[in-house]
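Nothing here was measured: the structure is a model prediction, and the numbers come from that model.
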Amino acid sequence: MQEEWMDALRNFVIFAYIFTLVPYSLASSAARVADQGVIAAEVQFQAFRLRHYDFSGVQYGSSSSKVAFDAVSLGKDIVRKAVIVNWMDLVGKDIEKLLSAPAGAILVIIPKDVASLNAQQKKAFLAVEKQLESFKTDQAVYIVPDSEEIQYVLGQLTQTTEKAISATRQLYNLIFSNNYVLSSSLSNNPAPITPKQFNVIASLNAKEKAPTLAFVAHYDSSSIAPGLSTSSDSNGSGVAALLELFTVFKKFYSDENSPKYNLLFAFTAGGKYNYQGSRQFIDSLSDKENIRLVTCLDSLGAGEDLYMQVSKIPNDDAIARKVFDRISNNMPKNRKIKMAHKKINLGNEWLAWEHELYNIRKKPAMTLTHFPEHDSPLRNSLLDTIDTVNIDALYANTKAIANGVLSYIYDLDETLCADAFAEHVECSFATGEIVNKERIVAFLDAIASRPRHIENSESFANYIKEILERYEVKASLQPVKFVDAIIYGNLEDTIFAHSTKAPIFEFFIGAFVALYLYLFYLFSVNAEKIFTFIAFPSSKKILADEDLD
């Protein structure tokens with residue numbers, strides 16, 4: 001019998017069938033362990049690097065972009081590992097202390113749609129953003145929008161970290177849970193970039209020697225992740241408002257009309273880096289420009305009130321005061337304009353508002369915004385999306401500014417409209433037909449629906465130039481050179497997560513295969529006795545007696 005059994009094993013088909021049982025069983029087990037709908041072997045996801053720049057010799061953000069480390073969840077040993085953490089797990093914690101160990105990389109998962117967060121969650125999110133904004137590290141730090149892939153990876157890593165309900169389950173997780181090795185597609189560390197930056201300048205001329213009113217709005221976007229940020233309110237709404245003001249004022253500047261002021265429009269680059277574009281714009285101005293007032297537009301798409309931010313309270317004869325009063329008269333019934341005074345902090349290298357740069361150069365200037373304070377975290381937040389812009393507020397603010405400025409330019413006698421103003425009835429140049437709400441929405445959609453970071457500044461400047469030239473006005477691009485600021489690239493990357501098993505899993509498989517082969521050997525050697533026991537139960541006693549003999 002034993003010889004017959006060994007002869008059967010020499011058959012290739014039977015031999016192959018028996019020795020495929022082990023890999024087949026392992027593959028089946030792996031398929032049952034894996035979650036449905038997700039490929040566990042390798043996943044990939046988009047990641048956006050923490051803003052990295054130097055200002056006045058001080059480094060900010062993450063100075064590395066390379067990722068090639070084993071992934072772990074927060075709570076395990078993170079030294080030389082890639083830590084994956086949900087932003088909610090950072091709420092109320094000291095991030096710098098929590099991540100003080102020399103981790104290889106840090107991936108922070110944020111909601112895919114941050115606008116869907118409730119008020120309490122947004123407050124917590126802003127607190128986490130504030131810490132990450134000031135986080136300075138040599139580690140690679142990425143912001144990752146939530147996805148099924150990243151959550152699956154984090155779930156697998158968490159299984160090996162959290163304590164299971166039983167020791168058996170804990171052992172099972174330790175052996176069978178997936179580990180992951182993360183790698184980035186960009187292997188080099190980020191280098192300084194010098195992309196072309198441009199201000200876009202246009203003007204409406206009245207008389208040759210007429211004084212000038214300038215209107216300024218910076219168009220760039222930024223946050224802790226520049227590659228992900230649209231900065232729709234700050235300052236996409238300001239750019240949309242300035243484009244609308246340009247189209248409105250253009251109607252009043254022609255050969256037949258001769259207003260007493262020239263108008264100068266500047267869409268500036270590098271606003272998020274201490275107003276680099278405005279610095280360049282000021283340097284290009286000559287004394288014969290005769291700038292009487294610079295009005296900066298910054299964040300007009302939210303809030304219940306409008307604020308005129310000034311470095312010094314203007315006296316009654318100042319143009320800023322007169323424009324303020326006329327805008328106030330044109331505000332809707334449910335809205336007001338207020339004056340907010342903040343002295344320039346010359347000891348701080350970072351300016352609070354764009355108009356401060358002009359004040360330092362002895363030019364009268366102010367900023368119109370819905371923010372009462374300069375340090376609102378929403379001015380540089382990922383929460384600043386196009387969904388958060390209040391179109392009604394943007395339209396009302398733009399219309400009031402247009403009416404107030406036109407009223408001043410033409411020196412209208414507003415006592416004629418006193419009764420209308422008292423009843424909050426419209427009495428103005430720029431009616432609802434002239435200040436067009438649909439056009440403002442179109443400008444906003446084109447501007448604030450995409451990131452406008454340093455690397456794509458040139459294309460966006462050309463886009464604004466194209467819009468201005470549609471109105472038969474010559475627009476020019478003014479090159480901007482950053483001073484005291486160094487910007488680094490590698491804003492976006494693809495992270496690959498390769499599935500691996502723990503070392504104990506390989507030991508377990510080795511032991512299992514060894515046991516399988518040992519049992520198979522015993523079975524082969526004792527095949528005749530085993531078959532006899534099965535086929536002839538009555539012979540068991542005879543065989544036992546033979547063994548005793």
Side-chain angles (χ1 to χ4, degrees), residues 51 53-56 192-203 212-223 226 229-243 245-246 263-286 289 291 293-300 309 344 349-361 363 365-369 374 379-380 443 447-448 450-468 475-487:
R51 185 162 70 145
Y53 64 101
D54 296 346
F55 185 74
S56 294
I193 58 175
T194 54
K196 295 180 179 179
Q197 303 287 298
F198 295 97
N199 293 334
V200 187
I201 311 297
S203 61
T212 300
L213 300 180
F215 299 86
V216 179
H218 65 86
Y219 62 78
D220 57 315
S221 62
S222 189
S223 67
S229 174
T230 60
S231 297
S232 301
D233 179 36
S234 177
N235 190 33
S237 65
V239 175
L242 187 53
L243 285 171
L245 290 179
F246 173 83
L263 301 184
L264 188 58
F265 300 85
F267 300 82
T268 58
K272 300 295 186 179
Y273 295 92
N274 217 29
Y275 308 109
Q276 298 289 323
S278 266
R279 177 199 52 75
Q280 189 78 42
F281 176 57
I282 295 173
D283 290 343
S284 69
L285 295 176
S286 61
E289 299 277 2
I291 303 290
L293 179 66
V294 179
T295 301
C296 302
L297 305 181
D298 189 336
S299 310
L300 298 171
Q309 299 284 349
I344 301 175
E349 294 177 330
W350 289 95
L351 297 173
W353 298 103
E354 194 162 11
H355 73 265
E356 294 182 348
L357 199 59
Y358 297 88
N359 291 155
I360 292 173
R361 301 291 187 91
K363 296 186 182 299
M366 62 184 184
T367 296
L368 295 176
T369 178
H374 74 282
R379 293 184 68 196
N380 293 284
F443 285 147
I447 295 162
R450 55 177 174 167
R452 304 178 302 284
H453 52 74
I454 297 297
E455 292 187 1
N456 63 9
S457 173
E458 183 179 6
S459 63
F460 191 79
N462 281 307
Y463 175 73
I464 295 178
K465 181 176 181 288
E466 179 185 339
I467 292 177
L468 296 174
S476 61
L477 296 181
Q478 182 184 75
V480 175
K481 183 179 179 181
F482 277 28
V483 175
D484 295 331
I486 301 174
I487 314 301

Among all residues two or more places apart in sequence or in another chain, which pass the side-chain hydrogen bond (donor to acceptor under 3.5 Å, both in side chains) test with [X]?
X	value
Arg452	none
Glu466	Arg470
Thr295	none
Ser229	Ser231

Identify the two heavy atoms, one from [X] and one from [Y], that lie closest to each other, and give their separation to 0.1 Å.
X	Y	answer
Val216	Leu242	C-CD2, 4.0 Å
Ser203	Leu264	CB-CD1, 3.9 Å
Ser222	Pro226	OG-CG, 4.4 Å

In chain order, what residues pass the ring-ring contact (aromatic ring centres under 6.0 Å, His included) check against [X], with sequence neighbours excluded?
X	answer
Phe443	none
Tyr275	His218
His453	none

How would you list, by chain and number, every residue that makes a side-chain contact (heavy atoms from CB on, under 4.5 Å) with [X], sequence neighbours excluded?
X	answer
Ser286	Lys288, Glu289
Asn274	Phe55, Gln276, Trp350, Leu351
Ala202	Phe246, Leu468, Val473, Ala475

- Name the orientation class of the two ring planes belonging to Phe482 and Tyr273 (parallel below 30°, tilted from 30 to 60°, perpendicular beyond 60°). tilted
- Look at the rings of Tyr463 and Phe460 and say which category their plane angle falls in: under 30° parallel, 30 to 60° tilted, over 60° perpendicular. tilted
Quiz: residues 192-199 side-chain donor-acceptor pairs under 3.5 angstrom, not counting sequence neighbours:
unit_1: Gln197; atom_1: OE1; unit_2: Ser457; atom_2: OG; d: 3.4
unit_1: Gln197; atom_1: NE2; unit_2: Ile454; atom_2: O; d: 2.9
unit_1: Asn199; atom_1: OD1; unit_2: Ala269; atom_2: N; d: 2.9
unit_1: Asn199; atom_1: ND2; unit_2: Gly277; atom_2: O; d: 2.8
unit_1: Asn199; atom_1: ND2; unit_2: Gln478; atom_2: OE1; d: 2.8

- Answer yes or no: is there a donor N or O on one side and an acceptor on the other, between the side chain of Thr369 and the main chain of Asp298, under 3.5 Å? yes
- Task: Look at the side chain of Asn235 and the backbone N and O of Ala217, then say whether any donor-acceptor pair between them is shorter than 3.5 Å.
- Result: no
[Y] and [X], any side-chain heavy atoms less than 4.5 Å apart:
X	Y	result
Leu297	Leu245	yes
Gln309	Glu356	no
Ser221	Thr230	no
Lys363	Leu285	yes

- Applying salt bridge (Lys or Arg N to Asp or Glu O under 4.0 Å), which residue pairs with at least one partner in residues 272-284 are found, sequence neighbours left out? Arg279-Asp283, Asp283-Arg361
